Each structure stands twice: as C-alpha cells, then as structure tokens.
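Below is one structure, written out as structure tokens; comments come after it.
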Amino acid sequence: MADFLQNCLDGIATGAAYALLALGFTLIFGVLRRLNLSYGPSIMAGVFAGTALYMGFNAGLAEIAIATVIGAVVVGAYIERLCFWAIRKDMAVASMVSSFVIWMQIEEAVTLLFPDRTYAFPGILADAVVEFGPFFLRASSLAMLAIAAIAVLGLLALIYRTHFGLAVRAVSENPEAARVAGVNTGLVTFLAFACASALGGLAGFLIAAGDQQITPLFGLWATFKGLIAMMLGGMGSIPGAVLGGLLLGVVEANALWYLGVETRDLVAYMLLFVVLTFRPGGLMGQAALMARRAAESRV
Amino acid sequence: MLELHGLSKHFGGVRAVDDLSLTVNQGEIFGLIGPNGSGKSTTVNLVCGVFPTTSGAVLFEGQDITDAPSHRVVAAGITRTFQNIRLFGDLTVWQNLWVAQNSAEERSRGWFGRWLGGGQSGRGDADELLKFAGLEHRSGELARNLAFGEQRRLEMARALAARPKLLLLDEPAAGMNAEEVSQLADRIRALRRYGMTILLVEHVMELVMGVTDRIAVLNFGQKIAEGAPAEIREDPAVRTAYLGTADA
C-alpha cells in the first residue's frame, strides 16, 4: 500500500507535466478541430533553444526557462501559419499531414544544428529530496508539480474568467457564429495556438530539467504523451486534459514499479484502448461528443 | 445608410442574387421578402461577409465593405441574427452577450483592458439587453437549456450587444406562434424608437406588413418590386410571384 501511494505521488508529479502537454493539445484541437502532430517537436525545438543558452552562455534557470518557452512559441507560430492558417478549414487531413511533414523538418533542422544527439540540460534542485512521513519526493518533482499547478490554474483563469477565454470557447463551439458576433477568429486562433505552445514550452522545460538531458527524440515523446493524455481526458476538454495527464502519470508510475520499465508504455496504450472502447469521447469529453452528435442529428 | 449596387452571387450556374440594387435609409425598417430560394438570406450573407460576392458592391455609411471579413462588418456597425439559431449553447445567457460586446467603444479599451478583463465594464449594457429580451431571470442559464422562443430573443440581444447601427434580422419569426410574433413586432418597433435601422428578411407577412416602412420583393434573385407595404400588397407582379402562392 505504501508503495502504491508512493508511486501515485511520483505519478502525479510526472502527470502534472503530461497535463500541461495535454492542455496545449486540447487547446489547439478545441479552437481548430484539427490535430497538430508537430506540437511535440515545436516543444523539443524550444528545449534546444534553452540548452543552447545553457551551454553557450551558462545562463541561469529562469533565462533558460524563458528561452525554452519563447523558442516553442516561435516554432509553434511557424506551424500555425504554415499548416493551419494557410490551409483551408475543411481540409483537416491536409493540415494533419502537413504538420507531420513539418515535424520531420524541425527534427532534421535540430539534428543539423545539434549533431551530438544528447545534450545536457540543467536540473532544478537536483538530488535534493523532500521527506514527509514514510513518503519522499524529489525536490525537482515537487518544483515541477508546483510550477505546473500554477500554469494550469493560470490557464483555467484565462479561459474561464477573461474575455479572451470566452472568445476561445466561442470559437471552439461555433466558429461561424463567433465571426458574426464580431470575434476576430483568425487572431483568437493564433493566440490560442501561442498559449498552447507556451504551455508546451513550460512542460518541455520541466521535463528536460527533470531528466537533465535532451535529445531530438523528445519531440516524438512529447507528442505521444500529450496525445494520449488528451484522448484519455477527452479531445477538446480542458478539465479532461488535466485529469488525463494526472491519470497517465499515476498509471505509468505504478506500471513501472510493479511490472517493470519495458511494460510502462504498453500499459499506457492499453489504458487508452480500454477508455476509448467504453467512452469513445474520453473521460470528460463524452458530454461534448453526445451534444455534437445530437446537434448533427437535428440538422 | 446601406447601399447595394448591382450585387450578384452565383453558385455554379445558379444566380442566387442577380444584379440587386437597393438602399436602406437611416432609421427605417426595411423589409426584404420573396418566395423560398429567392435570394433573401444570400443577400444577408453577402452583406455580412459570409461568402464572397460574384460582382457588385456593398456600401455602409459611404464606406465600401464588399467582401470584408465578418468581424470587420461588425466593427463597421452591422450585426445579424440567423434563420436557424446559432447561439453558443455551452456558454451562459450572459456570456453569449459578453462575447459579442465588440463595439468600437469596447475595442478602444486596448488589448489588456479588453481581452484580459472580466466583463464588468459591459455588465450594465448586458443587463439592459437581458431586460429588453425578457431574459433577466435566465442570466446564468446555459443557452442550450433555453426554450426556443427564449433562444430567438437571446440571439437578437446578442446581435445588439455590439451596439450596431444596422440590424439584419433573418426570418426572426420562423417557428413562432402568433403571440410571440406580436411581441417580436413590439420589440422591433421599440428598437426603431431608439434609432436603430433594421433590415428585416421575413416570411411571416403580418409581421412584415405591420412593422416595415418600405419593402423590396425578390424573385429568382432579382428585385421585382419596391415600395411601401400598401403598394406592395397591391402590386400585380408581387401577387403572382409571391402572395398568390405563399402563406399570405
């Protein structure tokens, strides 16, 4: 039991970073109804911007975090212009395929600029451990959890408490009605994309700081984790992304402990399979899916 | 105030709107009627920038707004309602109004004040609109839970939230009973007293005849008559094209 609780604790810390990735995915999917497969690679490019600053100038943690976020936002904006803004709204598959092509482009570009594959990344409070009772948590995990929690709360406040968030939700639900209500849907979409990339950049920084290293394969990893966490929670659902991220983290930590490292990803895919079989809309996306079906059948 | 000059929209070989010219004057209620498929809704969509025009021009207060994107049309001072209601069902009644508060005054508050604001600045306006629409007790309800008539009223209130100078109503009486139609007529007259200009696209003849100052009749995308309600009622071309066959 104590092992299980300890695993959950570790899982929640990792899951908080997954939740950030899933939030970025769900924000983009929500406003665009299209998948951005290049989301992970844009984050990876941001992390490499951070590591360049670290190695080249021995910059501090805050500067590296800012460089990572800015790098992810810049690459994210490039993807938005190329794969989504420039491609017609009803060509969802064309957007998805082109985002995959851009993925390859980003990975190649990063590999050319950083030929050594694996690079060092500074850790947050590396090696320190916080103990409470029988449980303990790496200080870096605690920092990850705290920063991710602040970012999630900030995003929730932005989406549910401000006029911008209201516009994002309006565009998600009905872009045509939003346009006619006077919302500049192109601008709102672009800014939502930028917010998603910023969240992704933050997640990338936290994860790379936890691992204290980075490779170009991080892009693939981040897209997978974010996608799975989002689909567990429900595509386009903001609370679902948080839930999906935490659930994925907890399940993975337990799989790692009880079944071993080689089954960890397998268990994650199985979990996704089971959830989608019984709740095709994801854990929190079911209501939205049903509402959309009802709306379609009415027309 | 609103001028259409030789406006045309062809979908493939179909001339949905064909060389249509008309002028809506400031402060008047202008009716646009015609049989199904005569191009009324297409005209509204062209003015609002829903799809591009084939040829012709749309002028609003002398400013060329032909093919302007929808949010610019709203910024210029034109808002609309839809024939089939398009509210944000997952937002509350009051949020539906808040999201549409895109008037020039709101825009002038700058990026941070407007986009990161919590909506307090528009609260007074929204409350007034809710009262106008008879929805003040439904403010916190999700729009999807409203009754049909309430949704129609909310959509009209949302169109007013951007403080337009010209309001386009696309078949606002569709699906309403006689009681609701008469309340709608009262609301339209009240808006005129506030100085609103209205372009009313409608099938329900008693509403059009009862509230409009002037009427244009479309058939196959072309204007076949224009004049005061009494003249339109007597026009032989209109009687054959429309009144003789439709629900009046």
Side-chain angles (χ1 to χ4, degrees), chain A residues 30-31 85 88-90 154-192 194-195 234 236-240 281 284-299, chain B residues 44-45 47-51 68-82 84-92 94-104 106-107 109 111-122 142-144 155 158-164 168 170:
Chain A
V31 293
W85 179 74
R88 279 176 40 193
K89 297 268 181 290
D90 50 350
L155 181 78
L156 292 180
L158 184 70
I159 296 296
Y160 291 105
R161 290 275 176 268
T162 69
H163 193 268
F164 171 70
L166 191 64
V168 168
R169 284 186 289 152
V171 173
S172 300
E173 189 182 330
N174 190 339
E176 199 192 337
R179 264 193 291 282
V180 170
V183 177
N184 185 344
T185 51
L187 182 63
V188 168
T189 302
F190 181 78
L191 290 175
C195 285
S237 161
I238 287 173
M284 310 275 288
Q286 197 69 9
L289 184 75
M290 289 303 171
R292 211 170 306 135
R293 277 203 194 136
E296 276 159 13
S297 64
R298 227 180 293 140
V299 178
Chain B
V44 170
N45 285 335
V47 171
C48 290
V50 173
F51 34 63
S70 296
H71 67 271
R72 288 211 193 289
V73 174
V74 174
I78 304 177
T79 60
R80 69 173 293 183
T81 63
F82 288 92
N84 43 353
I85 305 170
R86 287 176 207 183
L87 290 167
F88 304 112
D90 293 336
L91 301 183
T92 66
W94 126 256
Q95 285 172 335
N96 266 275
L97 298 183
W98 182 21
V99 78
Q101 289 180 334
N102 293 301
S103 62
E106 279 290 320
R107 282 169 187 279
R109 289 174 55 226
W111 248 69
F112 280 96
R114 203 174 109 67
W115 278 29
L116 298 181
Q120 285 75 18
S121 71
L142 288 184
R144 69 159 86 252
E155 205 189 25
R158 187 181 68 185
L160 293 169
R163 300 193 193 170
L168 308 180
D170 191 358

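All values reported here derive from a predicted model rather than from experimental measurement. Protein chains get the first letters and strands the later ones, always in sequence-line order, with residue 1 at the start of each.
Here the CZ-SG distance, from A:Arg179 to B:Cys48, works out to 12.0 Å after rounding to the nearest 0.5 Å.
Looking at heavy atoms from C-beta onward, B:Leu91 lies in side-chain contact with A:Leu166 at the 4.5 angstrom threshold. Looking at heavy atoms from C-beta onward, B:Thr79 lies out of side-chain contact with A:Val180 at the 4.5 angstrom threshold. Using a 4.5 Å heavy-atom threshold, the side chains of B:His71 and A:Thr185 count as separate.
Under the side chain to side chain donor-acceptor pair (under 3.5 Å) criterion, A:Asn174 pairs with no residue, sequence neighbours left out. Residues forming a side chain to side chain donor-acceptor pair (under 3.5 Å) with A:Arg169 (at least two apart in sequence, or on another chain): none.
Across A:Ala170 and B:Val99, no two heavy atoms sit closer than the pair CB-CG2, 3.7 Å.
In this structure, chain B has heavy atoms under 4.5 Å from both the backbone and the side chain of A:Ala178. With a 4.5 angstrom heavy-atom cutoff, B:Val50 touches chain A only via side-chain atoms. Residue contact with chain A, scored on non-hydrogen atoms closer than 4.5 Å, involves the backbone of B:Leu87 exclusively.
Distance alone, capped at 3.5 Å, is enough to place a donor-acceptor pair between the A:His163 side chain and the B:Trp98 backbone.
Between chain A and the residues B:Ala159, B:Gly89, B:Ala161, the largest count of heavy-atom pairs under 4.5 Å involves B:Gly89.
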